[in-house]
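Positions are given from 1 along the sequence. Excluded from the calculations below are hydrogen atoms, water molecules and symmetry mates; all remaining heavy atoms, backbone and side chain alike, are included.
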Amino acid sequence: MIPNPTKIKHGMAKKLRVGILFGGRSGEHEVSLLSAASVLKAIDRKKFDVVPLAINKSGHWLTAGAAVGLLEGTAATEPGLDEPSATAALSVVEPSAIDSHAALDGQSLDVVFPVLHGTFGEDGTIQGLFEMAGIAYVGSGVLGSAAGMDKDVMKRLFVEAKLPIVKHVALLRTEWQKSPRKAIARVEAALKYPVFVKPANLGSSVGISKVHDRKELGPALTLAAKYDRKLVVEHGVGGKKAKARELEIAVLGNDDPKASVVGEIIPGKEFYDYEAKYLSDGSVPVIPAKLTRAESKQVRAMAIAAFRACDLSGLARVDFLMEPDGKRRIFLNEVNTMPGFTKISMYPKLWEASGLSYTGLITRLIELALERQEEKKQTSYTRD
C-alpha cells in the first residue's frame, strides 16, 4: 500500500533547503496556518533545512521571524503590517524574491511546499509563479490546480472520463444578481430538494449550504456568491430522509499514483461543513470505512481515475458520496489538491492507516516535487 519508499538519505553532504509557504489571502487562511504548523513540527530536520515563508491576509510576503509570528498570532499586531511602505522591518518580501536563484537568508531554495488552501494558493496562481521561477514545488501544476479548484470545470472533466457524479447546475453570480427568479427556476427545473449550494472555487466547505426548499435557496446563493463569481448547485444524495455517506481517499504520486485505504466521515452536523471540520468535535472519522471489498476496490479505482482526469500530481484527497441504502450507488464528489494537512487531518490519517507515517509522507511529497521538476527538464521551451 505504501507508494515508493523514500529515497532521500540521512547522510547527505548537503541538506535540501525547503520553503514551507503558508497563510494566503483566501477564506482558508486559518486552515493553512494549522496545516503549516503541523508540517513544520513533523518535517525531518535531519534531511531538510526549513525556511518558513508566509503570505498575510493583505497579500504581503513574510520571511523568518515575521512568518513564524503569523503562525503564533503575533505578526498581525505589528504596526504597519498592511502598509507596503512600512514593512521592511518585518522581513516582508515581494513574490519576485521567491525563485530558484534568489537568496533567502543568503541561500536558495531547492523546493517549496505551498501549504496554501483555497484561492490564490490552490488554484494555479501560486503554481504559475513557481513555474516561471523554475523552482520545484509540492503538489499539482497550474492546470491540475485550477481544474481541481473549479468544481464546475472539474465535473466536466469527470463526465468526459465517464466517472459518475450527481446532477448539478452551474450559475454565474451575475445571472443570480440580474434575474433571481430565473436562476431559481433553472435550479428547480433540473434538481429536486434538498440541494447543496457551493462557490465553485473554494474549499474547506466555506460558503456551502444545504438547502431544503425554495425559501432557503435564495440566501444560500447569495452566500455562495460572496466567495466566487461561479456557483454550483448539486442534487443531495440520500434525499430528504437520509444523509449520504461521505467517503474519502488519499492519492499520492505523479504519473503512477497510488490510493490509500478508504475512509469515512460521519459528520456531527447535517453535513460536513466548515464548523464540523475545524470548530467542533462532533464529527467522527472511520478508517477504514465499512465497505465491502468490491466497494472499496471501486472507490480506490475511481479516485485514481479522478486524479488522472484532472491531470493532478503530488497529492489529492478525493471525496465521494454514497447512497445510505438501496442501491448504495457511489458518486464522485470532488478532488482537493491541497487538503487539510494537520497530523489529524484525513489525508495524513488515511496514509498512516495505509502504512506511511506523517513525517514519511512529507518526505515523499518533497521527493515527488523533485521528481516532477527533473522530468520537466526533458521538455524544450524554445526551437533549436
| Closest non-hydrogen atom pair, Gly139 against Leu315 | CA-CD2, 3.8 Å

| query | Do other residues, nucleotides or ligands put more than 12 heavy atoms under 6.0 Å from the CG atom of Asp255? | reply | no

| Is any NZ, NE, NH1 or NH2 atom of the basic residue among Glu30 and Lys57 found under 4.0 Å from an Asp or Glu carboxylate oxygen of the other? | yes

| query | Would you call Glu323 and Arg328 a salt bridge, using N to O less than 4.0 angstrom? | reply | no

| query | Under 3.5 Å, is there a donor-acceptor pair between the side chain of Ser209 and the main chain of Ala220? | reply | no

| Is any side-chain heavy atom of Ile366 less than 4.5 Å from a side-chain heavy atom of Phe48? | yes

| field | Aromatic centroids of Tyr358 and Phe341 separated by under 6.0 Å | value | yes

| Residue pair Gly314 / Leu368: nearest heavy atoms and the distance that separates them | O-CD1, 3.8 Å

| field | Salt-bridge present (Lys155, Glu334; N to O < 4.0 Å) | value | no

| task | For the pair Lys198 and His168, evaluate side chain to side chain contact (heavy atoms under 4.5 Å, CB included) and give the outcome as yes or no after the intermediate values. | result | CA-CA 11 Å; Lys198 308 176 179 181; His168 74 284; over 6 Å; no

| said: Looking at Arg186 and Glu175, is there a salt bridge between them, counting it only when a charged N and a carboxylate O are closer than 4.0 Å? | reply: yes

| task | For the pair Glu367 and Arg364, find out whether any cationic side-chain nitrogen is under 4.0 Å from an anionic carboxylate oxygen. | result | yes

| Which atom pair, heavy atoms only, marks the closest approach of Cys310 to Met154? | SG-CG, 4.1 Å

| remark: Rounding to 0.5 Å, atoms CG (Leu172) and CZ (Arg229) come to a distance of 5.0 Å

| field | Electrostatic pair Glu234-Lys167, nearest N-O below 4.0 angstrom | value | no

| Do you know the tightest heavy-atom contact between Lys47 and Thr363? | NZ-CG2, 3.9 Å

| request: Dump the intermediate steps for salt bridge (Lys or Arg N to Asp or Glu O under 4.0 Å) on Lys14 and Asp110, then the final yes or no. | output: CA-CA 11 Å; Lys14 175 181 177 295; Asp110 294 299; 3.5 Å; yes

| task | Would you check if Val233 and Leu221 make a side-chain contact, meaning some heavy-atom pair closer than 4.5 Å? | result | yes

| request: Given side chain to side chain contact (heavy atoms under 4.5 Å, CB included), test Lys210 with Phe196 step by step and report yes or no. | output: CA-CA 5 Å; Lys210 184 174 183 179; Phe196 286 87; 3.6 Å; yes

| Any link between Val251 and Met149 through a network of hydrophobic side chains (Ile, Leu, Val, Met, Phe, Trp, Tyr) touching at under 4.5 Å? | no

| request: For the pair Asp228 and Lys151, find out whether any cationic side-chain nitrogen is under 4.0 Å from an anionic carboxylate oxygen. | output: no

| note | So CG of Leu109 and CZ of Phe130: to nearest 0.5 Å the spacing works out to 9.0 Å

| task | Test side chain to side chain contact (heavy atoms under 4.5 Å, CB included) on Lys243 and Leu321 and set out the steps. | result | CA-CA 10 Å; Lys243 294 189 295 185; Leu321 299 170; over 6 Å; no

| query | Under a 4.5 Å side-chain heavy-atom rule over Ile, Leu, Val, Met, Phe, Trp and Tyr, are Val115 and Leu370 clustered together? | reply | yes

| query | Taking the side chain as C-beta and beyond, is there a heavy-atom pair between Val299 and Ile249 under 4.5 Å? | reply | yes

| query | Looking only at atom types and distance, does a side-chain atom of Thr222 sit under 3.5 Å from a main-chain N or O of Gly218, one as donor and one as acceptor? | reply | yes

| Main-chain N/O of Gly69 paired with Glu72 side-chain donor or acceptor, under 3.5 Å | no

| task | List the atom of Ala306, the atom of Val335, and the distance in Å for their closest heavy-atom pair. | result | CB-CG1, 4.0 Å

| Can you tell me if Ser179 uses its side chain to pair, donor with acceptor, with the backbone of Arg181 under 3.5 Å? | no

| field | Path from Leu312 to Val112 over hydrophobic side-chain contacts below 4.5 Å | value | no

| request: In plain terms, say whether Asp49 and Arg17 are close enough for a salt bridge, that is, a side-chain N and a carboxylate O under 4.0 Å apart. | output: no

| said: Quick one, Asp123 and Ser145 - any side-chain contact, counting heavy atoms below 4.5 Å? | reply: no

| Point-to-point distance, once rounded to the nearest 0.5 Å, from OG of Ser345 to CZ of Arg317 | 8.5 Å

| query | Testing Ile362, Leu53, Leu21, Leu40 for side chain to side chain contact (heavy atoms under 4.5 Å, CB included) with Phe113, which one passes? | reply | Ile362

| said: Do Met338 and Ile344 sit in one hydrophobic cluster, given that two such residues count as connected whenever their side-chain heavy atoms are within less than 4.5 Å of each other, even indirectly? | reply: no

| said: For Glu122, run the side chain to side chain contact (heavy atoms under 4.5 Å, CB included) check against Leu116, Asn336, Asn201 and tell me which one passes. | reply: Asn336

| Per the salt bridge (Lys or Arg N to Asp or Glu O under 4.0 Å) rule, which among Lys376, Arg372, Lys377 passes with Glu374? | Lys377

| About how many Å separate CG of Asp44 and NZ of Lys15, when rounded to the nearest 0.5 Å? | 8.5 Å

| said: Quick check: is Phe22 connected to Val111 through a chain of hydrophobic side chains (ILVMFWY, heavy atoms under 4.5 Å apart)? | reply: yes

| request: Starting at CD1 of Ile184, measure out to CH2 of Trp176 and round the result to the nearest 0.5 Å. | output: 4.0 Å

| query | Hey, are the side chains of Ile20 and Val18 touching, using non-hydrogen atoms and a 4.5 Å cut-off? | reply | yes

| Test item: Ser354 side-chain N/O and Val261 main-chain N/O as donor-acceptor pair under 3.5 Å | yes

| task | Calculate, to the nearest 0.5 Å, the distance between atoms CE and CZ belonging to Met302 and Phe158 respectively. | result | 9.0 Å

| field | Flag side-chain contact, heavy atom, 4.5 Å: Lys230 against Leu171 | value | no

| task | For the residue pair Tyr137 and Glu131, confirm or rule out a side-chain donor-acceptor distance under 3.5 Å. | result | yes

| field | Intermediate values then yes/no, side chain to side chain contact (heavy atoms under 4.5 Å, CB included), Ile265 and Glu248 | value | CA-CA 8 Å; Ile265 290 289; Glu248 299 185 352; 3.9 Å; yes

| field | Beyond-backbone contact of Val51 with Thr63, side-chain heavy atoms, under 4.5 angstrom | value | no

| request: Answer whether the closest heavy-atom distance between the side chains of Pro164 and Arg329 falls below 4.5 Å. | output: no

| query | When you check the side-chain N and O atoms of His117 and Ser35, is any donor under 3.5 Å from an acceptor? | reply | yes

| request: Taking all non-hydrogen atoms of both residues into account, name the closest pair between Ala224 and Val197 and its distance. | output: CB-CG1, 3.9 Å

| field | Donor-acceptor pair between Tyr193 and Glu216 side chains, under 3.5 angstrom | value | no

